Amino acid sequence: MTRRYLCSNPGERESGLIDAASVIRAGDLIVLPTDTVYGIGADAFTPSAVSALLTAKGRGSDMPVPVLVGTVRAAGALTESLGPHGQDLIDAFWPGPLTLIFKANRSLQWDLGETKGTVAIRMPLHQVALDLLKETGPMAVSSANRTGNPPATTAAEAEEQLGQSVAVYLDAGPCADNTPSTILDLTASVPRVLRKGGIPVEKLRGVVGYLATED
C-alpha cells in the first residue's frame with residue numbers, strides 16, 4: 001500500500017526517510033523531492049528495481065536512468081575516473097543542477113539500461129534527497145512522471161501519474177525551480193553539453209575552458 005509523508009513535519013520526515021530507505025533496500029520504488037523536479041527512485045544496484053522504475057514511467061532501456069549520489073566519494077566509486085575536469089566541476093557546482101556523464105566503473109554489477117559503458121551522475125541540492133541518499137547509497141532516479149507527460153513538481157502530481165507503482169512518496173512541497181539539470185558529457189576529450197539547464201554554459205566554460213554544445 002502506498003504511503004505519503006509530509007516532510008515539513010519533523011516527525012513525518014523522519015518516519016518517511018526510514019520507510020523510504022527500507023523500501024529502496026527491498027527493491028521497491030519511491031518518489032523523492034530534488035532541487036529540480038520530483039524523481040522516482042530505485043536502488044541503482046538492483047536490476048529488477050531499475051526495470052520496475054522504467055515500467056512505471058512507460059520507458060524502455062534505450063533511455064538509461066541517471067544516478068543520484070549523496071557524497072562525492074560515492075560518485076568517484078561509480079566511475080573509471082573523474083577525468084581532467086570532473087573534480088573541478090564537482091567542486092564548483094555540486095550539490096546542484098549539473099549532471100555529469102562519466103565512463104562507468106567496469107567492475108560494478110548493475111543494469112541502468114543501454115548506457116554504452118557510461119553513467120550520468122548528479123548530487124541534488126535538496127536536504128531531504130541528500131539525507132536519504134546518505135542512507136541508501138547511489139539511487140537510480142528519473143523524473144517522476146509517465147513518459148511524454150510533464151515532470152511532476154509536487155508529490156501529488158507524481159502520485160497522480162505513478163499511483164500504486166510507488167511504495168513511498170516523500171512530499172516536500174512544490175519544487176522551488178523546475179528547470180532541469182544541465183547535462184555535460186565528460187567521456188570524450190572535449191566536454192559536450194547534451195542539455196542546457198540550471199547551470200549556464202558560460203559558467204561551465206569558466207571552469208573547463210572550451211566545450212562543445214549541440215547547437
Side-chain angles (χ1 to χ4, degrees), residues 1-5 16-34 36-70 74-75 77-80 99-124 126 128-130 132-152 155-171 180-181 183 185 187 194-195:
M1 182 177 176
T2 291
R3 283 96 60 196
R4 188 160 153 192
Y5 296 90
L17 288 170
I18 292 170
D19 194 4
S22 175
V23 163
I24 290 297
R25 285 191 285 268
D28 293 321
L29 305 179
I30 68 157
V31 159
L32 71 160
T34 78
T36 55
V37 295
Y38 273 79
I40 177 173
D43 178 24
F45 299 101
T46 303
S48 60
V50 176
S51 178
L53 184 158
L54 292 170
T55 298
K57 283 181 62 74
R59 174 167 155 177
S61 61
D62 58 318
M63 298 177 69
V65 187
V67 175
L68 293 188
V69 294
L78 302 180
T79 70
E80 265 189 25
T99 298
L100 297 172
I101 300 178
F102 300 99
K103 291 180 180 177
N105 184 332
R106 285 174 285 186
S107 69
L108 296 176
Q109 300 298 310
W110 62 0
D111 183 3
L112 300 173
E114 297 171 18
T115 64
K116 299 178 182 176
T118 67
V119 59
I121 310 177
R122 187 167 87 85
M123 184 191 296
H126 196 293
V128 171
L130 290 172
L132 178 61
L133 287 160
K134 285 169 185 173
E135 289 297 318
T136 63
M139 287 174 51
V141 179
S142 183
S143 57
N145 60 289
R146 293 282 298 175
T147 297
N149 291 348
E157 288 176 4
E159 189 169 3
E160 186 178 331
Q161 295 191 55
L162 300 170
Q164 298 291 317
S165 63
V166 170
V168 167
Y169 289 83
L170 297 177
D171 184 349
S181 67
I183 301 178
D185 186 351
T187 61
L194 301 186
R195 182 178 71 189

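When reading the values below, keep in mind they use all heavy atoms of this one structure, side chains included, and skip hydrogens, waters and symmetry mates. Since the structure is predicted, the reported quantities are computational estimates derived from the model, not experimental observations. Quick note: residue numbers are just sequence positions, from 1.
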message: Nearest 0.5 Å, please: how far is CD1 in Ile40 from CG in Leu53?
response: 4.5 Å
field: Main-chain N/O of Gly27 paired to Asp43 side chain as donor or acceptor, under 3.5 Å
entry: no
message: What's the separation between atom CG in Asp62 and atom OG1 in Thr115, rounded to the nearest 0.5 Å?
response: 12.5 Å
Steps toward side-chain contact (heavy atoms from CB on, under 4.5 Å) verdict (Phe45, Leu108): CA-CA 8 Å; Phe45 299 101; Leu108 296 176; 4.1 Å; yes
- request: Kindly write out the residues that satisfy side chain to side chain contact (heavy atoms under 4.5 Å, CB included) with Thr136, not counting sequence neighbours, or none if the list is empty.
  value: Ala21, Ile24, Leu132, Leu133, Met139
- prompt: For the residue pair Arg59 and Ser142, what are the closest heavy atoms and their distance?
  reply: NH1-OG, 2.9 Å
- line: Minimal heavy-atom distance between Trp110 and Ala44, with the atoms involved, is CB-O, 3.5 Å
field: Met123 vs Leu130 side-chain heavy atoms within contact, under 4.5 Å
entry: yes
query: Does a side chain donor of either Thr99 or Arg195 reach within less than 3.5 Å of an acceptor in the other side chain?
result: no
- prompt: Taking all atoms of both residues into account, what is the closest heavy-atom pair of Leu17 and Val128, and its distance?
  reply: CD2-O, 3.8 Å
message: Quick check for you: to the nearest 0.5 Å, what is the distance between Ile30 atom CD1 and Tyr5 atom OH?
response: 11.5 Å
- line: Taken to the nearest 0.5 Å, the spacing of Leu100 CG from Thr187 OG1 works out to 11.5 Å
field: All pairs passing side chain to side chain donor-acceptor pair (under 3.5 Å) where residues 20-30 contributes a residue, at least two apart
entry: none
query: Do you know which two heavy atoms are closest between Pro47 and Asp111, and how far apart they sit?
result: CB-CB, 4.3 Å
statement: For Pro138 and Val67 the tightest heavy-atom approach is CB-CG1, 3.7 Å
Exercise answer: donor-acceptor pairs, residues 159-167 side-chain atoms, under 3.5 Å, sequence neighbours excluded:
unit_1, atom_1, unit_2, atom_2, d
Glu159, OE1, Arg4, NH1, 3.1
Gln161, OE1, Arg146, N, 2.9
Gln161, OE1, Asn149, ND2, 3.2
Gln161, NE2, Pro150, O, 3.2
Gln164, OE1, Thr2, OG1, 3.4
Ser165, OG, Leu162, O, 2.5

- prompt: Of the non-hydrogen atoms in Arg3 and Val23, which two are nearest, and what is the gap between them?
  reply: NH2-CG2, 3.5 Å
query: Say you draw a straight line from OG1 of Thr79 to NZ of Lys103; how long is it, rounded to the nearest 0.5 Å?
result: 11.5 Å
task: Please say which of Thr34, Thr36, Val37 ends up in a side-chain contact (heavy atoms from CB on, under 4.5 Å) with Ser143.
output: Val37
